[in-house]
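Order of listing sets the numbers, starting from 1, for every ligand and every atom in it.
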Amino acid sequence: MSSVLPAPPELILAINACVACGLHATRTQPVIGIGDGKDGLLIVGEAPGAKEDETGVPFVGRSGMLLRRLVEQELGLSPESLTITNVVRCRPPKNRTPTRKEQATCWPFMERQLAYLKPKVILTVGNTAAQQLLSTKEGITTLRGKAYEKDGRTIVPTFHPAAALRGRPDIEQAMRHDLRLAGTYLGQL
Ligand code: URA
């Protein structure tokens, strides 16, 4: 039977009940993810923003709309069918970058979610997700444009769509390139 949830039920319960870091005090709800991984691509962002905290769904704000459109145009994957999660499951106040400690505290959830979804390709978006998944302090500008094999996983880092929204068509072009690269590993291009 194929999975229909972004995480196994016991993991969903554990994340919903988590109070392991201070972010639980200000969140509306944790954002566990969306999609069942059936297309082989898992998109990993940084942390929920205001809209995601409100709805419980990752990447539903402006940057999410851009990301979903680019994925649809470059990979032909429908925005509704994407599988998406974040390094940190609770919104940091004022959308600040989650601390290393917060990221490390949330990481065991990611390990369990990866074991469940078994993605063929992980597309990390932005600095935080690339650095966390690749265990590096290198910045996204250096990391992107290549695919990495780590712990048996294929990881393709790209820019965060919020950067492309700041009037940077070059960043959107780079994201399109990285998506096509991910597509070659998915076997779709
Ligand atoms: N930015 C992220 O990194 N993740 C989201 O879910 C929304 C915005």
Contact check: [X] vs ligand 1, nitrogen or oxygen atoms, below 3.5 angstrom:
| X | answer |
| --- | --- |
| P48 | no |
| E46 | yes |
| E52 | no |

Exercise. Can you tell me the protein heavy atom closest to atom 8 (C) of ligand 1 and the distance?
Worked result: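 Scanning the protein heavy atoms, the shortest distance from atom 8 (C) of ligand 1 goes to F59 CE2, 3.7 Å.
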Exercise. To which protein heavy atom is atom 4 (N) of ligand 1 closest, and what is the distance rounded to 0.1 Å?
Worked result: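 Going atom by atom, the protein heavy atom closest to atom 4 (N) of ligand 1 ends up being N86 OD1, 2.8 Å.
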Exercise. Taking only heavy atoms of H160, which atoms of ligand 1 are found under 4.0 Å from at least one of them?
Worked result: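 It comes down to these atoms of ligand 1: 1 (N), 2 (C), 3 (O).
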For this session: Run the numbers for me: atoms of ligand 1, each under 4.0 Å from some heavy atom of P58, listed by number.
Result: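 Those of ligand 1 that fall under 4.0 Å from P58 are 6 (O).
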For this session: Identify whether the distance between the nearest side-chain nitrogen and carboxylate oxygen of E102 and R91 falls below 4.0 Å.
Result: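 A salt bridge is absent here (no side-chain N lies under 4.0 Å from a carboxylate O).
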Exercise. Does some side-chain heavy atom of E46 sit less than 4.5 Å from a side-chain heavy atom of T97?
Worked result: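 They are in contact (side-chain heavy atoms under 4.5 Å apart), so the answer is yes.
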Exercise. Are side-chain heavy atoms of P79 and R69 found at a separation under 4.5 Å?
Worked result: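 The answer is no; the side chains never approach within 4.5 Å.
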Exercise. After noting the C-alpha distance and the side-chain angles of E52 and R62, does the key distance pass the salt bridge (charged side-chain N to carboxylate O under 4.0 Å, His left out) rule?
Worked result: CA-CA 11 Å; E52 291 77 20; R62 269 185 79 219; over 6 Å; no
Exercise. When you measure from atom 5 (C) of ligand 1 to each heavy atom in A129, A47, G45, G126, which option holds the nearest one?
Worked result: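 When every heavy atom of A129, A47, G45, G126 is considered, A47 comes closest to atom 5 (C) of ligand 1.
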Exercise. Does I43 share a hydrophobic cluster with M65, counting links as ILVMFWY side-chain heavy atoms below 4.5 Å and allowing steps through other members?
Worked result: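 No, no single cluster joins them.
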Exercise. When rounded to the nearest 0.5 angstrom, what distance separates CG in D53 from CG in N95?
Worked result: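 The CG atom of N95 is 9.0 Å from CG of D53, to the nearest 0.5 Å.
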